Engineer: 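Let me give you the structure first, and then I'll get to my questions.
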Protein chains: 2
Amino acid sequence: MENEIIKYLSRYIPVTKELEEAISKSGFIQCFDKGTLLVEEGKFTQKCFFILKGCVRNYYIKDGEEKTTEFYTEEQAIIASANGKNIPSTYYLECMEPTIAAVSDPEFEEDMYRKFPELESLSRVMAEKILTKQIETFAEFKMASPEERYLNFLTTRPDLIQRVPQHQIASYLGIKPESLSRIRKRIMK
Amino acid sequence: MENEIIKYLSRYIPVTKELEEAISKSGFIQCFDKGTLLVEEGKFTQKCFFILKGCVRNYYIKDGEEKTTEFYTEEQAIIASANGKNIPSTYYLECMEPTIAAVSDPEFEEDMYRKFPELESLSRVMAEKILTKQIETFAEFKMASPEERYLNFLTTRPDLIQRVPQHQIASYLGIKPESLSRIRKRIMK
DNA sequence: TTCATTTCTTAACTTAAGTCAACGAGCAAA
DNA sequence: TTTGCTCGTTGACTTAAGTTAAGAAATGAA
């Protein structure tokens, strides 16, 4: 699986022998069982994840209910929200499937950036790319009705329909499960 | 105003004489009249902005209506969404007030990063920080009702109430102006 | 000042999402 | 196999947002 991350990196930067070795040695590729909580509310962690295989769900507990806000799948990065601070997590990250991920933390990253400055350049470019995508997605969400959001979801994340339960998708779309059920019925006509 | 951006930068990195000079000489601080469109739908531009003074509104035109999705004010960065590609803009950026901003583009940034690598490190940290904030804001938006969003807005962006018209705030909250009017009446009791 | 435009509010009505409850299908554990 | 969950659907009802239209208030230009 170290191979996978190197394949990914070499799409963007030349991967030298030294970098390849540093990555292979680091042992930062980890496997998680389905159901594993990578992050829990109230716990302190600064870990970041890059999904190589599997699916991770981001959810909050609000008014005693799970509110799913994001699904991360192959080649997506999960950035630590506890940015350098020692603050407890407000959310959970749960593996929806057996998941393989590159796991890192700020110290490891800083160390790698020192040794391989081109990695920090890549991180900068990636962070900006993900950020613009995120802003665009948020704008679309704001402008769309629940029904439009679902139709949009069908085309942008079709794989997720098979991978996660529908009531979590409802939550992800900002609506109740019963409403999603009715929307589905409506658009089938 | 060059002074302002240097003051901002020196909060995060030591600003050397050379860097200060490069910034002063670049002449990348620009002033815009109220009503100026920094970016227009269909036009090609790769400009980025960092607001020093003023307010910029991001909006789309959908179904013949303006849909406001973001407001940028002092010390906020507006990242170009046309990331390195030659694609036309899908949105507008309008100055809601006379605005002073640091204006840059990818070439200028690459040039500065080459000369001052510490700037790229700072950009990486900033992009990650803005990204995590953005993800959090999006999650809160999804989980909240229109009324909760407005109450949240009152505490997080109180200045905007005085600076922009209410129907644009409605749009920003993902609702119609009439609904916001009713929500305001409701919470006043 | 006057006039026009934009902005906000209100009202009546429609539509769709939320709520509550029930039910059946599918699945897994005992 | 039985039992207990989780999950999705449906129905009846409530609530609040969308729609349409009108008018009042504020703003800005002539």
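Below, chains carry the letters A, B, ... as their sequence lines are ordered, and counting in each starts from 1. Everything numeric here is computed off the predicted structure, so don't read it as measured data.
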Engineer: Check DNA chain D against residues 159-169 of chain A and give the residues with a non-hydrogen atom under 4.0 Å, in numerical order.
Structural biologist: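 Here the set is Pro165(A), Gln166(A), His167(A).
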Engineer: Below 3.5 Å, can you tabulate the donor-acceptor pairs from side chains in residues 32-41 of chain A to any protein atom, sequence neighbours excluded?
Structural biologist:
{"from": "Thr36(A)", "atom 1": "OG1", "to": "Asp33(A)", "atom 2": "N", "distance (Å)": "3.3"}
{"from": "Thr36(A)", "atom 1": "OG1", "to": "Asp33(A)", "atom 2": "O", "distance (Å)": "2.6"}
{"from": "Glu40(A)", "atom 1": "OE2", "to": "Lys43(A)", "atom 2": "NZ", "distance (Å)": "3.2"}

Engineer: If a protein heavy atom is under 4.0 Å from the base, mark B; if only from the sugar-phosphate, S; if neither, -; do that for nucleotides 24-30 of chain D going 5' to 3'.
Structural biologist: -------
Engineer: Calculate the interatomic distance between Glu148(B) atom CD and dG18(C) atom P; express it in whole Å.
Structural biologist: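 Between P of dG18(C) and CD of Glu148(B): 12 Å.
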Engineer: Which atoms form the tightest heavy-atom contact between Ile13(A) and Glu118(A), and what is the distance?
Structural biologist: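 Smallest interatomic distance, heavy atoms only, reads CD1-CG, 3.9 Å.
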Engineer: Do NZ/NE/NH1/NH2 and the carboxylate oxygens of Glu65(A) and Lys176(A) come within less than 4.0 Å?
Structural biologist: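 Salt bridge present between Glu65(A) and Lys176(A).
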Engineer: Just how large is the angle between the end axes of the helix from dT1(C)-dA30(D) to dA30(C)-dT1(D), five pairs per end, to 10 degrees?
Structural biologist: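 End axes: 50° apart.
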Engineer: Evaluate salt bridge (charged side-chain N to carboxylate O under 4.0 Å, His left out) for Lys62(A) paired with Glu148(B), printing each intermediate quantity in order.
Structural biologist: CA-CA 13 Å; Lys62(A) 193 190 170 190; Glu148(B) 286 172 316; 3.5 Å; yes
Engineer: Glu147(A) has an atom CD; how far is it from atom C1' of dA17(D), in whole Å?
Structural biologist: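 So the CD-C1' distance, Glu147(A) to dA17(D), works out to 16 Å.
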Engineer: Using atom NZ of Lys185(B) as one end and atom C1' of dA17(D) as the other, report the distance to the nearest whole Å.
Structural biologist: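 Nearest whole value for this atom pair: 15 Å.
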Engineer: Does a salt bridge link Arg149(B) with Glu147(B), judged by any charged N lying under 4.0 Å from a carboxylate O?
Structural biologist: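 No, this pair does not count.
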Engineer: Any ring-ring contact (aromatic ring centres under 6.0 Å, His included) involving residues 94-113 of chain A? Give me the pairs, sequence neighbours left out, ordered by first then second residue.
Structural biologist: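 Sorted pair list: Phe28(A)-Phe108(A).
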Engineer: Between dA17(C) and Arg186(A), is there an OP1 or OP2 to side-chain N/O distance shorter than 4.0 Å?
Structural biologist: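 Answer yes for this pair, as a side-chain N or O of Arg186(A) is under 4.0 Å from OP1 or OP2.
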Engineer: With a 4.0 Å cut-off, would you call Arg11(B) and Glu75(B) a salt bridge?
Structural biologist: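 Salt bridge between Arg11(B) and Glu75(B), a charged N being under 4.0 Å from a carboxylate O: yes.
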Engineer: Going by the angle between their ring planes, with limits at 30° and 60°, are Phe71(B) and Tyr172(B) parallel, tilted or perpendicular?
Structural biologist: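 Tilted: the ring planes of Phe71(B) and Tyr172(B) meet at 30° to 60°.
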Engineer: Within 45 degrees of the axis of the six-membered ring of Phe153(B) and under 6.0 Å from its centre: does Arg157(B) put its NZ or CZ there?
Structural biologist: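 No, Arg157(B) and Phe153(B) do not form such a contact.
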Engineer: Examine Met143(B) and Leu93(A) and state if one hydrophobic cluster contains both, with Ile, Leu, Val, Met, Phe, Trp and Tyr joined whenever side-chain heavy atoms are less than 4.5 Å apart.
Structural biologist: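 Looking at the clustering, Leu93(A) is in the same group as Met143(B).
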Engineer: Can you measure from CD (Glu66(A)) to OG (Ser171(A)) and round to the nearest 0.5 angstrom?
Structural biologist: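 Between Glu66(A) CD and Ser171(A) OG, I get 8.5 Å after rounding to 0.5 Å.
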Engineer: Give me the ring orientation class for Phe141(A) and Phe138(B): parallel if the planes are under 30° apart, tilted from 30 to 60°, perpendicular past 60°.
Structural biologist: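 Because their plane-to-plane angle is over 60°, the rings of Phe141(A) and Phe138(B) count as perpendicular.
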Engineer: Roughly how many Å is it from OH in Tyr150(A) to P in dG8(D), rounded to a whole number?
Structural biologist: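 Between P of dG8(D) and OH of Tyr150(A): 11 Å.
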Engineer: Could you please spell out the steps behind the side chain to side chain contact (heavy atoms under 4.5 Å, CB included) verdict for Thr99(B) and Cys31(B)?
Structural biologist: CA-CA 6 Å; Thr99(B) 296; Cys31(B) 299; over 6 Å; no
Engineer: Return the residues of residues 170-184 of chain A meeting this criterion: a heavy atom under 4.0 Å from some atom of DNA chain D. Order them by number, or give none.
Structural biologist: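 Here the set is Glu178(A), Ser181(A), Arg182(A), Arg184(A).
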Engineer: What is the distance from CD1 of Ile187(A) to C1' of dA17(C), rounded to the nearest Å?
Structural biologist: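 Checked: the CD1 to C1' distance equals 16 Å.
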Engineer: Separation of Glu65(B) atom CD from dG18(D) atom C1', in whole Å?
Structural biologist: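 Those two atoms, CD and C1', are 11 Å apart.
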